[in-house]
Amino acid sequence: MRTRQTPSLPAAPCRPRSISLGVLALLASLQAQAQEQAQTQAEPQAQTQAQTQPQTQAQESADPAAENVVVVTGFRASLNSALATKKNSDGIVDSIKAEDIAKFPDANLAESLQRVPGVALARGDGGEGKQITVRGLNAGFTRVRINGIEGVAATGASDINGSTNRGRGFDFSVFASELFNSLEVRKTSEAAIEEGSLGATVDLRTARPFDYKGRTASIGGQGFYNELSRKTQPRVTGLFSERWDTDYGKFGALVSGAFSKRRATEEGYEAVEVLSASNDGGFCSPLGATPQNPANNAVKGITAANCGFGVPRTSDPAAYNAVVGRTDNFGGTVASPAAGSGAFHPRIPRFRRSQTDYERTGLTSAFQWRPQSGTEVNLDLMYGKFANERYDNYISAISFGRTLAQANGKPQTSILESHFNDNGSWDYGRFNGVDVRTEGLLDVYTTKFRQHVLSGSHKFSDTVKVNFLHGISNSNLNEPMRATVQFDAPNVNGFSWDFRNNRNVPALNFGIDVSDPNNFSFGPQEADGTVHGQFVGRYLDTTNKLKTTEANISWELSDRLTLRSGYSSRTNDWRSVEIGSGGNGLALPAGVTMADISRQISGFGRGLGGSGVPTSWAAVDLDKFRAVYDIECHCARVPGSEYAVLNQANRGVEEKINAAFGMLDFNYDLLGIGWRGNVGVRGVETTATSTALINVNGVLQPNTGVKKYRDWLPALNLTAQLPKDVYLRFSAGKTLSRPEYVDLAPSATVSQISQSVSIGNPNLDPIRAKTYDLQAEWYYGKNAMVSLGHFRKDINSFIQTVSERAPYSSLGLPNALLVFGGCSLTGTPVCPTLPDTTVVVSRKVNTPGGPLRGLEFNLQAPFSFLPGIWSNFGLLANYTQVKSKITYITRVDNPNTPANERLTQTANFTGLSPRAHNLTLFYEDPKFSARVSAARRSSYLLAVLGDVNGHDYTVVDGATNVDLSISYNLTPNLRLSFEGQNLRDTPLRYGRDTQRNDTLLYVHSGRSYVVGMNYKY
């Protein structure tokens, strides 16, 4: 039996060379540019802004008639433009600008964002950037606006990587980066900015014709190659913009597009879950062992000599006792631990190849009209399509995750050999009676995004200006097909796993030739429970429709004061439908062999290490299988393929949000210091109507809940412009983040006999927080800056699952759910649960939150102080350190017992990397540009488990990604480019339990290379 202290995450390895490089560059740059500073300060600030800052949507106070058009060209120019935006903002804002026409600094928006201090990247299948965390808060706490209105874009994923996104998190992989010319990350709140984010508000803007001086066109093509998929595939971009001066004012029109195809391949090992040997009925005991496991069962052929029909008891007593002799009291929650409870093994040890073929299409168009000075009208249109076909193939040992009742499973598996390392990890085992499975999954899903935004502004006088905006964004994730087919080889002898030479990827000996399809079977389940394969299907459709209408007015009271106010009305409408199918009763027709419905996985295991990793195996050929049994017909002629309509998950949430704000901008000189900023308050009222269909005795009925709440959200942003171009910023405010849609939907499952209910909670309050920021910035030279900031968020509440007692009648569920088997609520026989019965309710509730605080360091250092060619170099560096404290409920209380079984554990936010840093070394001259970037995030918690089942945490290992970009201008109009992505082939690894560090997942996606050409005029 072991006892454990609350462990801490392993520290990120020190990078002394990187740190030294940044420090030396900073010191040298500060010293050499001290003389430049005086000259820079002497330049009028207005002139500086006009020269370096292109038009953005945030500059609504600027005169739209002014020809403030600047073409940003090159990486260095994009950095300088972003720096000017940061310098002139009132809050804490970081931005990234397009390097050139339809050319963003990175191939993926999320990968660009990870260069912003405080932003860490979460990668999806195939290693591509998918979502972001900001200052330790995951994607659900960050709002993304496109052209001024909120947008939601969701895609699918493999199960272990989160499966389908049903929440508020934004999947950046939906869009091509070439469609955008700027993004801003606003980390502080402002009364004029829509609420809803605890992490940050990310603003994306597509190009407009008035961004360019006149007729502008660009076309580009790239070839993408990945060393794991070994395919070269295309990427094409284009943009055309035109402007006209007419008697009716100035007009502009722009259209841009991007198309790419890619095969993303991912290979690796999964455990699916880590279980104790005592789970699922334990292992088959040796001959003569007491107690005997499993107990005699004539139906399943279990006797003193056999654990099933044709499955003799072959466990070695010493190996078996080494396993069952290990116990764990699960953090003191079990007084008498079960035999084997301290020996942990993979639930389904398996190798996986995921192959995703996707096509990403994006189109934007923009129209602008400037009828007179002080008036402008804009129409922005956007369309995106992200079509995927993901084929997952697994070769696995399935027995370790099955009970005797399910499919015979672990109680029929004998232990021949076992070994545990010094950390208690079961790193080697050899077994008899193991069910081996080859499995194929085809997931077809498409995300479509549509948006239109009409906006404009008009100056009624030199001091009064009105802005308006109306827009709709519609995102639909449709998954018409998610089909899984499994072939089994029951009761195989000699299976083994071996982690002794590689803690990440084990050697798996499956005991049979897995490349021979005749070693597998597909057919009906036998009478004793033996399974010979099965199939599963799913249909899913999720839609997010967001509509925003707003009008704002600003009134310059004086040269130093501007009063701003506005009103907005928003509607967020989320709908999700999931329907499943599946069965295991089909038999292959006469004459059809396993070879007829199989194919070979070949070339597997490059980069996974040594022996014990199969290079090939017999895999499901879904097309051939469907030619025999079309399981996707969902019809009676294929038993089991029919949709289980009554068991569907059909949910929806509609949020109506009305908000008004008042804010005062100020700009004063006091005590020789320039003071500017804004102070204001935002009032917002939210009405959330949540619905779900529930199965009431064979009839689907809607269940509805309504929640209404109001918030007053004050915000202050203050900037002090000190001597020597030092800026000191302070921000404070209240903000909120609304609950996830799936937590609000009032789905319900009722167990009448046990008098328990599992239900969604439409009455959840939002997560509210008070935020504080203090940051110092020194613009010590031309286009150079160093900053250091501290931030704190006092998060008032969190959302977790708890169990509590409540009268059934208080839950808002129909009484008909309590009627089953002919029982009655008023007569006899009486139902075991009545409307006034107090039941155990499991649901999400608001629980106490906790503090989050951290530090941010940022450096932009051009080496212009160096002589000659060395002056073309520069360095970008940032470092973020974050710490939080949230109390997690790791085991809920059972209200039916007098004791309080609730257990809690205090830890960081899940998804929060305590340390993250980025380094970019770049070179640029008029023809040649090159940069290499390294992004590091330390390990972080994926799940807080509290040792209730023998594991304290699931931890994602820290990772460093290195990318390279090179371009050469053959002419002023023609550019060649080369990119290297994921040059270290950085793997993704999940570890279960910080003491044992068992591998839950280890995958890699290979290096990628991109060669391209772009022509503009």
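Quick caveat: nothing in here was measured; it's all calculated off a predicted structure.
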Can you name the one residue among Lys724, Lys86, Lys87 that meets salt bridge (Lys or Arg N to Asp or Glu O under 4.0 Å) with Glu777?
Lys86
Of the options [options], which is the one that meets [X] in a side chain to side chain contact (heavy atoms under 4.5 Å, CB included)?
X      : options                        : result
Trp574 : Leu546, Val152, Val653, Thr543 : Val653
Lys844 : Leu744, Asp743, Val742         : Asp743
Ile132 : Val119, Val116, Leu109         : Val119

With a 3.5 Å cut-off and no angle check, do the side chains of [X] and [Y] form a donor-acceptor pair?
X      : Y      : result
Asn658 : Ser569 : yes
Asp957 : Ser939 : no
Asn138 : Thr133 : no
Glu685 : Tyr709 : no
Thr155 : Asp171 : yes

Check whether any side-chain heavy atom of [X] lies under 4.5 Å from a side-chain heavy atom of [Y], and answer yes or no.
X      : Y      : value
Asp669 : Arg560 : yes
Leu198 : Ile795 : yes
Val845 : Asn761 : yes
Arg843 : Thr801 : no
Glu195 : Arg738 : yes
Lys707 : Ser690 : no
Ile149 : Ser473 : yes
Thr689 : Thr704 : yes

For Thr85 and Lys97: C-alpha separation, side-chain torsions, deciding distance, then whether side chain to side chain contact (heavy atoms under 4.5 Å, CB included) applies.
CA-CA 10 Å; Thr85 299; Lys97 307 291 185 179; 3.5 Å; yes
Between [Y] and [X], is there a salt bridge with N-O shorter than 4.0 Å?
X      : Y      : answer
Glu150 : Arg143 : yes
Asp94  : Arg115 : no
Asp203 : Arg145 : yes
Glu190 : Arg564 : yes
Arg168 : Glu655 : yes
Lys187 : Glu856 : yes
Arg575 : Glu654 : no

Show your reasoning for whether side chain to side chain contact (heavy atoms under 4.5 Å, CB included) applies to Thr548 and Glu194.
CA-CA 10 Å; Thr548 300; Glu194 296 169 0; 3.7 Å; yes
Between [X] and [Y], is there a donor-acceptor pair closer than 3.5 Å when you use the side chain of the first and the backbone of the second?
X      : Y      : answer
Asp794 : Pro851 : no
Gln800 : Thr887 : yes
His951 : Leu945 : no
Asn678 : Leu716 : no
Ser95  : Glu184 : no
Trp675 : Leu718 : no

Only counting residues at least two apart or in another chain, list the ones meeting ring-ring contact (aromatic ring centres under 6.0 Å, His included) with Tyr888.
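Only Phe798 meet the ring-ring contact (aromatic ring centres under 6.0 Å, His included) criterion with Tyr888.
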Decide ring-ring contact (aromatic ring centres under 6.0 Å, His included) for Phe170 and Phe172; before the verdict, give the C-alpha distance in whole Å, the side-chain angles of both, and the deciding distance to 0.1 Å.
CA-CA 6 Å; Phe170 191 91; Phe172 288 90; 4.8 Å; yes
Show the numbers, then the answer: is there a salt bridge (charged side-chain N to carboxylate O under 4.0 Å, His left out) between Arg729 and Asp773?
CA-CA 8 Å; Arg729 304 185 192 273; Asp773 287 80; over 6 Å; no
Are Tyr727 and Tyr779 an aromatic pair by the rule of ring centers under 6.0 Å?
yes
Mutual orientation of the aromatic rings belonging to Phe175 and Phe449 [parallel < 30°, tilted 30-60°, perpendicular > 60°]
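Perpendicular: the ring planes of Phe175 and Phe449 meet at over 60°.
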Leu113 vs Val185, test: side chain to side chain contact (heavy atoms under 4.5 Å, CB included). Steps then yes/no.
CA-CA 8 Å; Leu113 279 164; Val185 180; 3.4 Å; yes
Kindly determine whether Val882 and Phe791 satisfy side chain to side chain contact (heavy atoms under 4.5 Å, CB included), including the steps that lead there.
CA-CA 9 Å; Val882 190; Phe791 56 88; 3.9 Å; yes
Considering non-hydrogen atoms only, spot the tightest contact between Phe141 and Ser737 and give its length.
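It is CD2-OG, 3.5 Å.
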